[in-house]
Amino acid sequence: MTQESEYVRGDAIQYVRGDATAPRGEGPRIIAHVCNDRGGWGKGFVLALTRRWPEPERAYRAWHRERASRDFALGALQLVRVEHAVWVANMIGQHGTGRGGKGVPVRYEAIGEALDRLAPEALRLGASIHMPRIGCGLAGGRWDRVEPLIRARLTERGVPVTVYDIG
């Protein structure tokens, strides 16, 4: 087994070691990740996205700048095409960026709402979803709370999901 090969296969979520910015497989693919509701982009997984494609950051920053007249809020979704058959899903599932006295920034309900918005888009495109363990890095979330959201909102609706862990 190589470091990049599959190491666990869940019921409907495929877990692999590798880079979520290089989604495996054929056909349309969407890379999903969690963004904050403050317009900050500069730590964590977004750095890997920006190194590969500048479009998701530019689109997110414009979305935030125009938030008064757009749907930029917790639970919102923005799909950004970065290649012929690859999109990035900017999902607003984090309130703020710090872990001060108010707890962690992750908002599970918002992640669920964004996944609800993502599912019909993935089905329309015939796309699979690829992601790191969303909401569990800088956002401070717990995978045992996020994984059931992914199952209920995506895989139970027939959307294939691959979760990537760094080697």
Side-chain angles (χ1 to χ4, degrees), residues 10 13 15-23 29-82 86-122 127 129-157 159 161-167:
I13 299 173
Y15 290 85
V16 299
R17 291 193 194 277
D19 180 359
T21 67
R29 287 154 287 158
I30 299 171
I31 300 167
H33 72 109
V34 169
C35 301
N36 65 71
D37 63 354
R38 299 288 166 90
W41 182 290
K43 291 185 179 177
F45 183 70
V46 298
L47 295 177
L49 283 173
T50 298
R51 277 192 297 273
R52 189 156 177 129
W53 305 286
E55 296 91 346
E57 179 180 2
R58 280 197 300 253
Y60 170 80
R61 290 190 184 281
W63 189 27
H64 178 260
R65 270 192 313 275
E66 300 163 6
R67 66 191 173 279
S69 62
R70 308 227 2 230
D71 64 345
F72 187 95
L74 286 169
L77 169 73
Q78 180 189 53
L79 273 183
V80 182
R81 192 177 207 160
V82 293
V86 179
W87 290 260
V88 170
N90 293 332
M91 302 186 304
I92 310 298
Q94 177 181 329
H95 180 62
T97 57
R99 292 188 189 190
K102 298 178 184 175
V104 296
V106 70
R107 294 296 180 266
Y108 299 109
E109 302 80 20
I111 291 173
E113 288 174 32
L115 293 172
D116 274 338
R117 290 181 168 99
L118 181 57
E121 295 298 321
I129 306 292
H130 303 260
M131 64 179 71
R133 292 187 185 235
I134 58 171
C136 297
L138 295 172
R142 294 184 10 216
W143 188 245
D144 64 346
R145 301 256 330 254
V146 175
E147 183 185 45
L149 296 172
I150 294 166
R151 290 186 188 284
R153 293 346 200 274
L154 297 176
T155 60
E156 289 178 9
R157 291 163 126 173
V159 178
V161 173
T162 301
V163 173
Y164 295 75
D165 287 316
I166 299 295

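This one's a predicted model, so the numbers in the text were calculated from it and none came from an experiment.
- Scanning both residues, Val106 and Gly141, for their nearest heavy atoms gives CG1-CA, 3.6 Å.
- The two residues Ile134 and Ala32 come nearest to each other via the heavy atoms CG2-O, 3.6 Å.
- Nearest heavy-atom pair, Ala122 versus Val159, reported as atom, atom and distance to 0.1 Å: CB-CG1, 3.9 Å.
- Arg157 places a side-chain N or O within 3.5 Å of a backbone atom of Arg153 that can act as its donor or acceptor partner.
- Panel note: side chain Gln78, backbone Ala59; a donor-acceptor pair is recorded below 3.5 Å.
- Here the side chain of Arg52 pairs a donor or acceptor atom with the backbone of Thr21 at under 3.5 angstrom.
- With sequence neighbours excluded, the residues satisfying ring-ring contact (aromatic ring centres under 6.0 Å, His included) with Trp63 are Phe72.
- Here the closest non-hydrogen pair linking Ala139 and Val104 is O-CB, 3.5 Å.
- Rounded to the nearest 0.5 angstrom, His33 NE2 and Leu49 CG are separated by 5.0 Å.
- Inter-residue side-chain proximity for Arg81 and Val86 is flagged as unmet; no heavy-atom pair is nearer than 4.5 Å.
- Expressed to the nearest 0.5 Å, how far NE2 of His64 lies from CZ of Arg70 amounts to 12.5 Å.
- Separating the OG1 atom in Thr97 from the CG atom in Asn36 is a distance of 6.0 Å, to the nearest 0.5 Å.
- Minimum heavy-atom separation, Gly93 to Ala110: CA-CB, 3.9 Å.
- Remark: side-chain polar atoms of Arg133 are not paired, donor with acceptor, to backbone N or O of Val163 under 3.5 angstrom.
- Ring-plane geometry between Trp41 and Tyr60 is classed as tilted, the angle between the planes lying from 30 to 60 degrees on a 0 to 90 degree scale.
- Atom CZ of Arg107 is separated from atom CD of Gln94 by 9.0 Å, given to the nearest 0.5 angstrom.
- Shortest non-hydrogen contact noted between Asn90 and Cys35 is CB-SG, 3.8 Å.
- Note that the CD1 atom of Ile111 and the CD1 atom of Ile92 stand 11.0 Å from one another [nearest 0.5 Å].
- Side-chain contact check for Thr162 versus Pro23: every heavy-atom pair is 4.5 Å or farther apart.
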Working for side-chain contact (heavy atoms from CB on, under 4.5 Å), residues Ile150 and Met131: CA-CA 11 Å; Ile150 294 166; Met131 64 179 71; 3.5 Å; yes
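- Here His95 pairs with nothing under the ring-ring contact (aromatic ring centres under 6.0 Å, His included) rule; sequence neighbours left out.
- Aromatic ring pairs are classed by plane angle as parallel below 30°, tilted from 30° to 60° and perpendicular above 60°; the pair His130 and Tyr164 is tilted.
- Within the 4.5 Å cutoff, the side chain of Glu55 has no heavy atoms near those of the Trp87 side chain.
- Rounded to the nearest 0.5 angstrom, Glu147 CD and Ile13 CD1 are separated by 4.5 Å.
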Derivation of the side-chain contact (heavy atoms from CB on, under 4.5 Å) call for Leu118 and Leu79: CA-CA 9 Å; Leu118 181 57; Leu79 273 183; 4.2 Å; yes
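- Heavy-atom neighbours of Arg145 CZ from other residues, nucleotides or ligands within 6.0 Å: at or below the threshold of 12.
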